[in-house]
Participant: 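Here you go, one structure.
These figures come from a predicted structure and were not determined experimentally. Below, chains carry the letters A, B, ... as their sequence lines are ordered, and counting in each starts from 1.
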2 protein chains.
Amino acid sequence: MKKKDKNTEQVILLAARKVFIEKGLAGSRMQDIANQAGHNKALLHYYFTSKNKLFDIVFEQEIGSFFSHLAGILAEELPLFEKIEKIVSLDIDRLTQLPGMPNFIINEMNQNPDVILKRLKKIPVEMILGNFQKQVNAEIKMGAIRKITAQQLLINIQSLCIFPFIARPMVRGIFQMDEKAYLAMMQKRKTEVAAFIINAIKV
Amino acid sequence: MKKKDKNTEQVILLAARKVFIEKGLAGSRMQDIANQAGHNKALLHYYFTSKNKLFDIVFEQEIGSFFSHLAGILAEELPLFEKIEKIVSLDIDRLTQLPGMPNFIINEMNQNPDVILKRLKKIPVEMILGNFQKQVNAEIKMGAIRKITAQQLLINIQSLCIFPFIARPMVRGIFQMDEKAYLAMMQKRKTEVAAFIINAIKV
DNA sequence: CTAAAATTTAACCAATTGGTTAAAAATATT
DNA sequence: AATATTTTTAACCAATTGGTTAAATTTTAG
């Protein structure tokens, strides 16, 4: 006896992801998602019960992806400066491939902070930051870098990588860049941001 | 003959600003704005014709405020390092007082990039960046700081100041901070971020 | 092959939404 | 004070929205 068709479910999820990332929860319409999926709107309810349920699944997938990506890099066994270079490079490449995703996460997260707060309450900081924190503290102890918490260093790295992506229209507008020039700039930032950070912390 | 009542207009605009900043354009309802203003919904149409017209005015006010604030600081006659310290300090204080504003601007800007791109097309870069750029270039020439464009320096400063505010729920969640701890951290960042940046660029 | 189960659809529904209309109320003018 | 003008309101409207229902279609099981 065939359970619900996984393929249809996946098609709907992909469509929902696209529409939600573009328009956000408040701005997305079930009919638009149905159109994107190439199915009847009632089918969305058959598989996912409600708009909010569908959204929750999509949001959870994006958040999960973000955190596993982050934790993965932070946990790598690399010298600190090389790790910073790698984080920055991977972050910028990844964000270049997922244009709407950071703004989507940030905005939805701000619309409903409790969701993310509750979710993260269940995850010990150490799971994300543990290895990185040890590494940063060891470098400080060795006198190789200035005193800074792993926390602040991570916030700064992510700030420098992510913000220019979500501020894209403003950056392009202020500096009169077309899309091509903007993307070239972001590629250049891969090494520039890493150097900026390393120069900021190295003794 | 009395023209339209400026006070009612202002009351509506303030209400609209509050609701739009909290919910965004797509998530805001004219009835909610009317409730917030303490007036009948039809009055919003009498004064502002449509939801979109009302939004445009509010958005323009917020954007105008953002840019005049930015240009003001950048134009100040201060030594570069002191200017950086001041920018960071004022940014963080300002963002602390306007919790929802950055996410509002960023999200709406991403929903409709053309609006901001068109608006900024009319503003020469030099108006915002001119003095700052000259200053940065002079410091480079003197060998006081590393080579960096004023553009990238400004992006980095704003990244480090703004992003932790819009990423608030995530930062709080990852690092298990309550609101008080988060605000204390942001206050501490006033000097830490400035030092980070200065250390990043000084020779 | 038949019947049961699952999937998909078209039609429908109640609520909400931005906006309109006309009357009531307030203010300004003469 | 009477009248004209402006502001404000309650009631109304058409369209849209998320969701429901029942029938049609497809798939599965025996």
Participant: Starting from C1' on D:dT16, measure out to NZ on A:Lys51 and report it in whole angstrom.
Facilitator: 12 Å
Participant: A:Lys83 and side-chain hydrogen bond (donor to acceptor under 3.5 Å, both in side chains): which partner among A:Glu76, A:Gln135, A:Glu77?
Facilitator: A:Gln135
Participant: Sort out for me which residue in A:Ile87, A:Val88, A:Ile157 forms a side-chain contact (heavy atoms from CB on, under 4.5 Å) with A:Ile73.
Facilitator: A:Ile87
Participant: Report the nucleotide, chosen from D:dT9, D:dG19, D:dT21, that has the shortest atom-to-atom distance to any side-chain atom of A:Ala42.
Facilitator: D:dT21
Participant: For C:dT9, does OP1 or OP2 lie under 4.0 Å from any side-chain N or O of A:His39?
Facilitator: yes
Participant: Compare every heavy atom of B:Val19 with every heavy atom of B:Asp32, then report the nearest pair and how far apart it is.
Facilitator: O-CG2, 4.2 Å
Participant: Could you tell me the separation between the CE atom of B:Met30 and the P atom of C:dT16, rounded to a whole number of Å?
Facilitator: 18 Å
Participant: Does C:dT8 have OP1 or OP2 under 4.0 Å away from a side-chain N or O of A:Thr8?
Facilitator: yes
Participant: Knowing that exactly one of A:Ile166, A:Asn107, A:Ile106 qualifies, which makes a side-chain contact (heavy atoms from CB on, under 4.5 Å) with B:Ile106?
Facilitator: A:Ile166
Participant: Quick one: are the ring centres of A:Phe55 and A:Phe20 less than 6.0 Å apart?
Facilitator: yes
Participant: Roughly how many Å is it from NZ in B:Lys41 to P in C:dT21, rounded to a whole number?
Facilitator: 14 Å
Participant: Can you measure A:Phe48 atom CZ to C:dT8 atom C1' for me and round it to whole angstrom units?
Facilitator: 15 Å
Participant: Does the side chain of A:Asn40 get closer than 4.0 angstrom to OP1 or OP2 of C:dT8 through an N or O atom?
Facilitator: no
Participant: For A:Asn7 and D:dT27, what is the distance between atoms CG and P respectively, to the nearest whole Å?
Facilitator: 12 Å
Participant: Expressed as a whole number of angstroms, how long is the span from B:Leu43:CG to D:dT7:P?
Facilitator: 9 Å
Participant: Without decimals, in angstroms, what is the distance between B:His45 NE2 and C:dT17 P?
Facilitator: 12 Å
Participant: Strictly distance-based, threshold 3.5 Å: is any side-chain N or O of B:Ser68 a donor or acceptor partner for the main-chain N or O of B:Gly64?
Facilitator: yes
Participant: Give a yes or no on whether the backbone of A:Met101 and the side-chain of A:Glu62 come within a donor-acceptor separation of less than 3.5 Å.
Facilitator: no
Participant: Side chain of A:Tyr47 only, heavy atoms from C-beta on: which candidate in C:dT9, C:dG19, C:dT7 is closest?
Facilitator: C:dT7
Participant: OP1 or OP2 of D:dT9 versus the side-chain N and O atoms of B:Tyr46: is any pair under 4.0 Å?
Facilitator: no
Participant: So if I take residues 14-27 of chain B and measure heavy-atom distances to DNA chain C, which residues fall below 4.0 Å?
Facilitator: none
Participant: Measure from CD on B:Gln31 to P on C:dA15 and round the result to the nearest Å.
Facilitator: 17 Å
Participant: Find which nucleotide of DNA chain D each of A:Asp32 and A:Thr49 is nearest to by heavy atoms, and output the residue with the more 5' nucleotide.
Facilitator: A:Asp32
